[in-house]
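So you know, we letter chains A, B, ... as the sequences are listed, proteins then strands, and number each from 1. Note that this is a predicted model, so its numbers are computed, not measured.
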Amino acid sequence: MNLQQAKFEYLLRLGDSSLIIGHRLSEWCGHGPILEEDIALINIALDFVGNATSLLGYAAQVEGKGRTEDDLAYLRGEREYRNLLLTEQPNGDYAATIARQFLYDTYTFFLYEELKSSKDETIAAIAVKSHKEITYHLRHTTQWMLRLGDGTEESHQRLQTALNELWMFTSELFDMDEVDGLLINEGIAADLDKVKAAWEKRVNEVITEATLQVPVTNIKQKGSREGKHSEHLGFLLAEMQYIPRSYPGSKW
Amino acid sequence: MNTSTYTKEQLFSLLSEIPDPEIPVINIIELGILRDVQWDGSLCTVIITPTYSGCPAMKVIEDDIRIKLNEIGISNVKIDLVYSPAWTTDWISDIAKEKLRAYGIAPPDHSTIDKAVLMGKARELKCPQCGSKNTEMISQFGSTACKALYRCLDCKEPFDYFKCL
Ligand SMILES: [Zn+2]
């Protein structure tokens with residue numbers, strides 16, 4: 001694997017995760033528990049999709065085969081997607097959405113903090129921009145973690161259940177392979193061991209403050225790097241890609 | 001029309017007629033979206049930067065720029081979207097902030113995003129309608145990505161706050 005291939009792969013991982021979690025959140029549009037939350041989630045979804053547009057646009061440029069960010073988003077199948085398994089998990093109830101977002105926002109908060117000093121100028125510029133937005137996302141989900149965790153018996157129970165069910169997808173966030181190794185050497189990618197330490201500390205603090213238990217599991221679900229996804233991604237892509245695949249090249 | 005007669009200043013002045021699609025009282029220069037215009041005699045390159053990554057107004061702004069330049073005979077237009085340096089609310093001019101206030105949107109009152117944002121503390125804001133500081137945040141996310149929703153506890157009016165970024 002050469003540097004260009006590694007960079008393309010890395011950008012797909014970042015961009016696909018943003019796109020898929022952004023699409024997931026957009027499913028709340030019109031279904032939020034209260035109007036303010038509906039608006040908040042859709043704003044956050046837009047940030048993610050915007051971030052994906054930048055990253056996949058750059059991925060297409062690095063690849064140099066004339067594809068665009070739209071080609072990458074709409075014309076790749078499930079096995080070509082590199083998003084983290086956590087990001088494709090269904091919305092469930094509001095506690096499940098908040099738990100997923102909190103685990104992921106905390107991750108991107110520290111990940112993009114690292115990427116701000118990437119030696120790749122485009123990645124660094126995207127990271128600086130995104131990190132400001134992520135700060136607002138994390139604030140939002142942290143507040144809801146505390147509100148639901150330290151809320152009623154039912155909200156506490158639902159959030160604990162959501163955390164327990166999602167926990168097996170968290171170890172994958174910090175997996176590193178040849179792609180990471182190559183790019184870390186070049187000062188382009190983030191060292192996920194560093195991100196992991198910061199993530200664990202912050203996640204444990206918030207979970208404890210929310211009067212919840214940090215889940216324990218030996219199950220480590222992984223596979224997104226090889227395009228092996230949970231059963232949920234295919235359905236998501238079917239909906240997201242329907243129009244561009246049925247009407248190729250159609251414009252607004 | 002011989003387009004080479006336009007100076008950079010003239011092009012800036014022309015493009016200053018383009019309002020932000022969602023906040024029409026301020027233009028794209030006052031908002032800090034338009035970064036530069038380069039004109040080499042045949043190709044006009046316009047450099048813009050998004051406020052938020054997913055700001056849906058960017059496409060509209062791109063179209064508006066093309067239309068505006070077309071009106072004076074410049075049809076060969078390239079629009080570059082740049083992310084660095086990242087847009088910040090610091091670039092909103094004082095005049096524009098006053099326009100925002102008059103329009104009913106509380107302008108950003110801090111230079112950069114503060115770390116307190118993580119701790120969930122909302123800042124004290126003046127109501128753009130009556131000036132009262134007796135206000136509270138309803139939601140961190142308002143009608144567009146760049147705004148938060150507040151309400152005034154004195155005049156009872158809800159209002160948008162242009163968040164610091
Ligand atoms: Zn008032």
Side-chain angles (χ1 to χ4, degrees), chain A residues 18-19 22 25-26 32 34-55 57-58 69 105-106 109 112 116 118 120-147 202 205-206 209 252, chain B residues 22 32-33 35 47-60 62-63 80-91 108 110-123 136-151 158 160-165:
Chain A
S18 289
L19 180 61
L25 277 184
S26 78
I34 49 171
L35 183 61
E36 287 78 7
E37 276 307 292
D38 199 288
I39 294 170
L41 291 185
I42 301 319
N43 271 316
I44 296 170
L46 260 179
D47 283 346
F48 279 121
V49 174
N51 169 267
T53 307
S54 317
L55 289 165
Y58 185 42
E69 60 269 31
D105 290 343
T106 310
F109 181 78
Y112 280 74
K116 276 154 80 173
S118 170
D120 182 287
E121 281 177 21
T122 307
I123 292 177
I126 294 170
V128 168
K129 176 124 215 83
S130 298
H131 196 264
K132 294 180 177 196
E133 297 164 2
I134 293 165
T135 306
Y136 280 107
H137 305 167
L138 182 56
R139 172 183 176 171
H140 176 254
T141 40
T142 301
Q143 283 176 334
W144 275 101
M145 284 292 291
L146 301 178
R147 194 187 283 191
R202 173 122 196 120
E205 277 168 10
V206 174
E209 200 189 330
W252 286 109
Chain B
E22 279 161 346
I33 289 174
R35 304 311 299 157
I47 297 171
I48 56 175
T49 192
T51 52
Y52 277 70
S53 297
C55 181
M58 292 312 286
K59 280 282 173 236
V60 179
E62 285 182 28
D63 291 345
D80 279 345
L81 197 60
V82 299
Y83 294 95
S84 182
W87 182 85
T88 158
T89 34
D90 292 356
W91 292 349
H110 245 253
S111 55
T112 45
I113 193 165
D114 50 335
K115 290 296 167 198
V117 97
L118 270 183
M119 307 324 295
K121 264 198 89 75
R123 57 168 61 84
E136 67 175 9
M137 188 174 76
I138 299 172
S139 174
Q140 189 59 59
F141 297 87
S143 56
T144 62
C146 56
K147 289 179 245 142
L149 190 60
Y150 277 71
R151 81 176 132 221
D160 272 334
Y161 165 58
F162 206 116
K163 289 189 286 206
C164 291
L165 197 71

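In this structure, chain B has no heavy atom under 4.5 Å from any part of Thr53(A). Of the atoms belonging to Pro56(B), it is side-chain heavy atoms, and not backbone ones, that fall under 4.5 Å from chain A.
Looking only at heavy-atom pairs under 4.5 Å with chain B, the residue among Asp47(A), Val49(A), Thr122(A) that has the most is Asp47(A). Per-residue counts of heavy-atom pairs under 4.5 Å with chain A were compared for Ala86(B), Cys55(B), Pro85(B); the largest is that of Ala86(B).
Partners of Tyr112(A) under the ring-ring contact (aromatic ring centres under 6.0 Å, His included) rule, at least two apart in sequence or in another chain, do not exist in this structure.
For Lys132(A) and Tyr52(B), the positive end is not near the middle of the six-membered ring at less than 6.0 Å and at most 45° from its axis. With a 6.0 Å cutoff to the six-membered ring centre and a 45° limit on the axis angle, Arg35(B) does not count as a cation-pi contact of Trp87(B).
The aromatic rings of Phe48(A) and His137(A) sit tilted, their planes meeting at an angle between 30° and 60°.
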